Peer 1: 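Just passing along the structure, written as structure tokens.
Each chain gets a letter, A, B and so on, in the order its sequence line appears, and its residues count up from 1. Since the structure is predicted, the reported quantities are computational estimates derived from the model, not experimental observations.
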Amino acid sequence: MDGGLLEFKERETLFVEVVLPLSLSKNYMYRIPFELNEQVAVGKRVVVQFGKNKIYTALVKSISHAAPEHYQAKYIIDVVDEHPIITAQQLQLWDWMTNYYMCNEGDVMSAALPTGLKLASETIIVRKDDEPIEEVLSDKEQILITALNKQQRLTIDDISALLGQKTVYPIINSLLEKDLIYIAEEVVEKYKPLLKSFVSLSPFYQEEENLKALFDILERAPKQLNALLTYIKLYRTQNMIPKHQLLEESDCGQAAFKTLMDKGIFTVLKRPVSRLKENDDDFILNFELSEAQNTALRGIETEFEQKDVVLLHGVTASGKTQIYIKLIEKAIADGGQVLFLLPEIALTTQIVQRIQRYFGDAIGVYHSKFNNNERVEIWNKVLNGKYRVVLGARSAVFLPFKDLKLIVVDEEHESSYKQQEPSPRYQARDVAVLLGHLHQAKVVLGSATPSIESYFNALNHKYGLVVINERFGGVELPLHEVVSISEETKKKKMVSYFSGKLIDAITLVIEQKEQVILFQNRRGYATILICATCGYAPKCVNCDVSLTYHKTSGKLHCHYCGYHQSSINVCPACGSVHIEQKGFGTERVEEELSLIFPEAKIARLDVDSTRTKNGLTQIISDFQEKKTDILIGTQMVAKGLDFDNVTLIGVINADTLFNYPDFRAFERSYQLLAQVAGRAGRREKQGNVIIQAYDDSHRIIKQVIENKYVEMYNDELVERKLFNYPPFSRLIFINIKHKDQDLLNVAAQRFASTLRGALGKRVLGPEQPLVSRVRNYYIKQVIIKSDKDTSIQKVKSILRDTILQFQTEKDFRAVNIQIDVDPY
DNA sequence: AGCACGCCGACT
DNA sequence: GTCGGCGTGCTC
């Protein structure tokens with residue numbers, strides 16, 4: 001501000017810093033043309049050219065007068081929004097996440113914005129065919145509509161060529177508002193199904209000899225060849241091959257795939273894919289809280305007077321949902337908005353329908369299964385305050401709340417709140433606490449088995465603590481029984497994986513027309529195949545893991561990269577035919593069980609059985625409608641499912657849980673077992689839980705059956721203290737990756753020692769991670785374990801500097817470094 | 001993320 | 001020679 005004359009104000013030269021939806025280490029500056037000075041504002045999207053041809057919608061982060069010194073800033077092409085679509089608090093949140101999780105701001109932006117708000121130049125515009133034109137159109141709009149009437153679909157590049165100008169976004173936006181066109185990536189019309197890209201081989205190459213010739217042609221293009229081979233392999237088992245699956249499984253990049261398309265070898269076809277369906281249940285709308293619930297509700301409200309965050313520790317089926325509903329009601333009555341976070345899987349179940357029924361139109365649901373257009377719609381309805389309550393998975397923390405008053409994080413211990421891949425690797429529960437802080441909203445963390453961290457915070461008065469010890473409606477906690485597998489084996493009472501006790505119990509339950517859930521935390525059929533003669537075990541060609549045998553496909557699968565190959569009958573190492581199966585998964589349990597109970601209807605709930613669009617909902621609703629007697633599942637069955645008629649829970653083999661090489665293994669085991677057990681007898685009937693284990697006297701099993709959470713917590717805390725793990729320290733994992741193992745070893749060693757120079761014994765490693773090679777990249781891990789007294793800010797800034805310095809060395813440029821703050 | 005640039009090996 | 005494949009660096 002130089003105190004210039006007012007009339008010159010509009011001639012001010014302004015620059016903007018924008019965030020691009022790309023993983024870039026810094027933000028970029030653009031110049032605002034005078035005529036757009038007034039329209040540009042922080043939080044609006046602008047159209048910019050980035051690089052040679054690419055056009056993106058970027059987000060305005062700040063506006064300044066200072067021209068960049070070392071380069072000529074490009075002009076902004078256009079302003080997309082009339083009003084900001086991002087609030088000031090969101091920008092603060094993005095900033096915090098970028099720093100805290102040590103990622104790029106563009107990563108946060110990509111994660112935060114639904115794709116529909118990230119228009120790029122290849123976006124396809126389609127004419128809505130049945131919409132009559134009622135409004136008056138401008139000349140340019142008329143030209144565009146005429147072209148679309150002829151051609152149906154145009155890209156944004158096509159449109160700029162057609163109109164001979166780069167500024168096409170306002171025209172597109174205006175036509176979108178007039179409802180005459182839609183964006184093809186977003187499926188707008190309700191009855192129009194979701195489109196998915198499928199790949200097919202051109203008819204020419206489906207001829208045997210042409211295909212053979214093609215193999216020779218592609219010999220020098222391994223990526224392309226691999227894509228072709230993968231296509232052929234997939235074609236054997238499925239007749240429609242989704243493009244993303246082909247790209248994923250063949251490790252073929254977009255570029256190589258595009259070359260194949262350009263050569264006319266592959267063609268891509270968009271096809272409709274069916275949607276999820278919904279089902280109802282009989283939830284009582286006008287409920288009364290029980291005495292215990294009322295006490296808890298009042299407890300929470302009292303705690304809120306002092307604390308911003310309250311941990312609600314209520315045993316399974318204690319009716320936490322009703323308490324949430326009362327809290328939500330109150331927040332809405334106060335004119336605020338509410339965010340209700342749930343683990344992804346729980347969103348497909350009753351709790352959503354219940355709350356939706358209760359609050360009607362004022363509620364939005366936000367999770368990954370929704371298409372782009374629905375997500376944009378939800379985004380806008382949150383922004384303009386039409387939605388008072390949003391139920392969502394972790395990404396819902398990014399929505400543009402205006403006056404957030406309450407955040408509920410249900411099942412707060414759930415590890416799915418932590419995003420693993422891609423960056424930002426954020427913990428939505430922690431982000432929610434920060435979000436609450438930004439909005440001065442209250443936060444309730446709810447769980448029957450709180451995470452050690454949250455409970456620690458509660459005991460140390462950082463959070464308030466409210467406990468419910470009683471199940472709703474006086475339903476008793478299930479009866480537990482532990483069965484020693486070794487003893488049962490001695491007594492010859494084991495039939496395959498099932499003890500006599502479990503089989504008797506299942507028989508009884510089925511007779512009474514009730515239902516059973518069996519838990520086995522491993523998918524697939526056999527864990528591994530192993531040659532009894534020489535000990536050879538088939539391994540993945542891309543990763544350092546043994547392959548898992550899946551019987552349904554008859555193949556050996558890699559659970560890390562999706563690679564699969566046909567199974568072996570003869571050992572490729574020694575020629576022996578004695579191939580043994582070691583370990584077992586849900587698939588095997590299902591098969592064995594159907595031999596014992598041929599009459600029973602059995603279903604399986606795991607990643608494999610729910611891969612199809614409707615899979616998950618179908619399995620759950622079938623079980624709910626009692627079409628299934630026995631449900632066998634991995635940890636998916638533990639996550640917030642609520643069935644009335646389940647009276648028996650069986651844990652096939654608890655030992656597998658305890659043996660993970662992770663400091664949280666016991667905590668997780670407790671949570672998983674307690675949550676699984678909690679699925680039993682949720683209404684008037686008391687449930688039974690049978691836990692089978694070799695190590696039947698394990699303290700975790702004991703603590704689960706005696707419902708001694710606090711004892712488990714205390715035991716764990718001693719361990720954590722002893723080995724200086726969270727909550728006594730903070731962890732940062734640094735994964736270093738490269739295709740060349742030797743180079744990686746040198747690089748990792750060098751990186752660790754440089755870092756150790758600055759941070760001393762806080763730096764551990766480099767270590768070989770559990771899986772040391774994934775998708776042909778070798779991995780080494782360096783860990784920073786920083787105690788609570790050290791400033792984590794300082795540690796992070798040292799880490800940042802070390803990485804920057806490390807990457808200036810030309811030998812290590814290509815080494816990939818990933819940071820995971822607070823790993824889970 | 002995409003795109004240009006430049007190096008490298010295989011074929012006219 | 002030259003052409004396509006593929007690794008590297010840059011984009012305000």
Peer 1: For A/L218 and C/dC6, give me the distance from atom CG to atom P, rounded to whole Å.
Peer 2: 10 Å
Peer 1: Report which part of the nucleic acid A/Q254 touches: base, sugar-phosphate, or nothing (heavy-atom distance under 4.0 Å, all strands).
Peer 2: nothing
Peer 1: Can you check whether A/R220 has a side-chain N or O nearer than 4.0 Å to OP1 or OP2 of B/dG9?
Peer 2: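 It does not, given that no N or O in the side chain of A/R220 lies less than 4.0 Å from OP1 or OP2 of B/dG9.
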Peer 1: When you get a sec, tell me which of B/dA1, B/dG2, C/dT11 is the closest nucleotide to the side chain of A/K54?
Peer 2: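 Side chain of A/K54 sits closest to B/dG2.
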Peer 1: Just checking A/L24: base, sugar-phosphate only, or nothing, at a heavy-atom cut-off of under 4.0 Å?
Peer 2: base
Peer 1: Which nucleotide sits closest to the side chain of A/A814: C/dG5, C/dC12, C/dT8?
Peer 2: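 Selected nucleotide: C/dT8.
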Peer 1: Mind checking if A/P222 touches a base, just sugar-phosphate, or nothing, with heavy atoms under 4.0 Å?
Peer 2: sugar-phosphate
Peer 1: What's the closest nucleotide to the side chain of A/K263 if the choices are C/dC12, C/dG5, C/dG9?
Peer 2: C/dG5
Peer 1: What nucleic acid atoms does A/R31 come within less than 4.0 Å of, heavy atoms only: base, sugar-phosphate, or nothing?
Peer 2: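 No contact.
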Peer 1: With heavy atoms under 4.0 Å as the rule, sort A/A256 into base, sugar-phosphate or nothing.
Peer 2: nothing
Peer 1: Which nucleotide in the list B/dG2, C/dC12, B/dA1 gets nearest to the side chain of A/K26?
Peer 2: C/dC12
Peer 1: What nucleic acid atoms does A/Y71 come within less than 4.0 Å of, heavy atoms only: base, sugar-phosphate, or nothing?
Peer 2: base
